[in-house]
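As the structure lists them, so they are numbered: ligands from 1, and atoms in each ligand from 1.
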Amino acid sequence: MALLVLKFGGTSVADIDRIRNVARHVKREVDAGNEVAVVVSAMAGKTNELVAWAREASPIHDAREYDSIVASGEQVTAGLLAITLQAMGVEARSWLGWQIPIRTDSAHGAARIESIDGDELIHRFCLGQVAVIAGFQGIGPDNRIATLGRGGSDTTAVALAAALNADRCDIYTDVDGVYTTDPRIEPKARRLERISFEEMLEMASLGAKVLQVRSVEMAMVHGVRTFVRSSFDVPESINSNPEALQPGTLICDEEDIVEKEVVTGIAYARDESQISLRRVPDRPGISAAIFGPLAEANVNVDMIVQSVSEDGSRTDMTFTVPDGDLDKAIKVIEENREQIGYELIQSDRGLVKVSVIGMGMRSHAGVAATAFRALAERGINIRAITTSEIKFSLLISSEYTELAVRTLHATYGLDKAF
Ligand code: ADP
Ligand code: ASP
Ligand code: MG
């Protein structure tokens, strides 16, 4: 007997038929003798609809009320799954974040889980009850509902698995695992049997939305065995032990991966904006003068490129921010024009950051150079580059997204059998 946390995303609970399918997955695990907590997302599209309503009602709104609105989608699916399980003869009860409670910090809209009290759930497992938990939500220090940021149900599931000391956390979604890149963009993408926590963290932070970044952090810190698998597989045909036979991807320690590739995957993130400040004085303190006020205004600056100055006195500074922050960033820079002393500000929105990720980069030279060559051959201009130990990222125009992802995917041989 094992204690399992199963998580089902929006497309897996998109209508009553799919909720019945989820219930059959849950029943299979219960029938195999396991104790089960299930975390559900809102039905596909529901959260977007709720966010749009909040914006329509008032473009600038109170984050606590935003949370109370957008958390409601998960309440519906938790209740629906509980009654569907009951109708199948499985004892089940739904739980909202505050009822457990899942305590968060005060950052409404992007709250972090601080603690989970698992006592009542464990007591209910002993009575033979399945717990159906609304994902994406907790309760803040102000005693109000707080949501965990988009995609946050993954984090609810992994955090719960850590708090309950579960044997496994299965993330069921609309793909049967983590792929070498988004299979919606590159049909030749391949499923990875295993991926290290570190690589998954990079993939998620650089745009692969199959897992929320914080869920991967949490899994890494607490050593939660996390498995990504498809909810569309026929429940009855699946063995309860996913490591035995089933397709899927295990997120695990690097040591548990035998076949190590230099490059593991390609990720991309849309909606990036580029800002260039031309002819900035090249003196100590200039970066602080630019990025200090942006940080104070909560603008998330990502890539930063400083050109070599022509004569040692003036330089160009280029950096990226999310599209949504562009207007705010320009306003902040213009307000600080005197302190910064730039001559001209230029900006471009709607760019894409494509990233190549792999542990093998730590020990192989020239991995990035191969990408530059491959993109140049296809006429794709690289506007900015950043590198770190196990990844590099390239900023390009959005019209080249598919071409760049597919080119890099092929360049590193990711479409071939491992
Ligand atoms: P859920 O609603 O189940 O949480 P998401 O839509 O959040 O599902 O995440 C699953 C989607 O992530 C897939 O449909 C796929 O298009 C996308 N995705 C992006 N990159 C990858 C990747 N490397 N591997 C698998 N899926 C990916
Ligand atoms: N329903 C929320 C969202 O769409 C949380 C999730 O799906 O994980 O962001
Ligand atoms: Mg998701």
So which bit of [X] gets within less than 4.0 Å of ligand 1, heavy atoms only: side chain, backbone, both or neither?
| X | result |
| --- | --- |
| Thr181 | backbone |
| Arg184 | side chain |
| Lys7 | side chain |
| Asp182 | both |

Starting from [atom], locate the nearest protein heavy atom and write down its residue, its atom name and how far away it is, to 0.1 Å.
| atom | value |
| --- | --- |
| atom 7 (O) of ligand 1 | Lys209 O, 3.5 Å |
| atom 1 (P) of ligand 1 | Thr173 OG1, 3.5 Å |
| atom 2 (O) of ligand 1 | Gly10 N, 3.1 Å |
| atom 7 (O) of ligand 2 | Ser41 OG, 3.2 Å |
| atom 3 (C) of ligand 2 | Arg150 NE, 3.3 Å |

What is the minimum heavy-atom distance between [X] and [Y], and which atoms define it?
| X | Y | value |
| --- | --- | --- |
| Ala297 | Val332 | CB-CG2, 3.8 Å |
| Ala189 | Thr181 | CB-O, 3.4 Å |
| Met359 | Ser196 | CE-OG, 3.6 Å |
| Leu50 | Ile69 | CD1-O, 3.7 Å |
| Ala384 | Met303 | O-CE, 3.8 Å |

Would you mind running through ligand 1 and noting each atom that sits below 4.0 Å from a heavy atom of [X]?
| X | answer |
| --- | --- |
| Tyr179 | 22 (C), 23 (N), 24 (N), 25 (C) |
| Asp174 | 10 (C), 11 (C), 13 (C), 14 (O) |
| Val178 | 24 (N) |
| Met203 | 23 (N) |

What atoms of ligand 2 come within less than 4.0 Å of a heavy atom belonging to Gly151?
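Counting atoms of ligand 2 from 1, those under 4.0 Å from Gly151 are 3 (C), 5 (C), 6 (C), 8 (O), 9 (O).
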Would you please determine whether Glu74 falls within less than 4.0 Å of ligand 2 on a heavy-atom basis?
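Glu74: in contact with ligand 2 (<4.0 Å).
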Can Gly9 be said to touch ligand 2, with heavy atoms closer than 4.0 Å?
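Gly9 does not count as a contact of ligand 2 under the 4.0 Å cut-off.
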Candidate pair Arg229 and Asp170, rule salt bridge (Lys or Arg N to Asp or Glu O under 4.0 Å), full reasoning:
CA-CA 7 Å; Arg229 52 196 319 200; Asp170 289 349; 3.0 Å; yes
Pick from Ile357, Val210, Val228: the one approaching atom 9 (O) of ligand 1 most closely through a non-hydrogen atom
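Heavy atom nearest to atom 9 (O) of ligand 1 belongs to Val210.
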Side-chain (Tyr179) to main-chain (Glu186) donor-acceptor, under 3.5 angstrom
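Not at all, since once roles are kept as given, no pair shorter than 3.5 Å links the two residues.
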Test your reading of the model: is there a side-chain donor-acceptor pair from Gln137 to the backbone of Gly97, 3.5 Å cut-off?
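A pair under 3.5 Å: yes.
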Picking from Asp302, Asp271, Thr320, what satisfies side-chain hydrogen bond (donor to acceptor under 3.5 Å, both in side chains) with Lys353?
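Among Asp302, Asp271, Thr320, the one that satisfies the side-chain hydrogen bond (donor to acceptor under 3.5 Å, both in side chains) with Lys353 is Asp302.
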Gly177 touching ligand 1 at heavy-atom level, < 4.0 angstrom:
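Right, Gly177 reaches ligand 1.
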Lys331/Glu335 salt bridge by N-O under 4.0 Å criterion
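Looking at Glu335 and Lys331, the cut-off is met.
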Mutual orientation of the aromatic rings belonging to Phe372 and Phe392 [parallel < 30°, tilted 30-60°, perpendicular > 60°]:
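Because their plane-to-plane angle is over 60°, the rings of Phe372 and Phe392 count as perpendicular.
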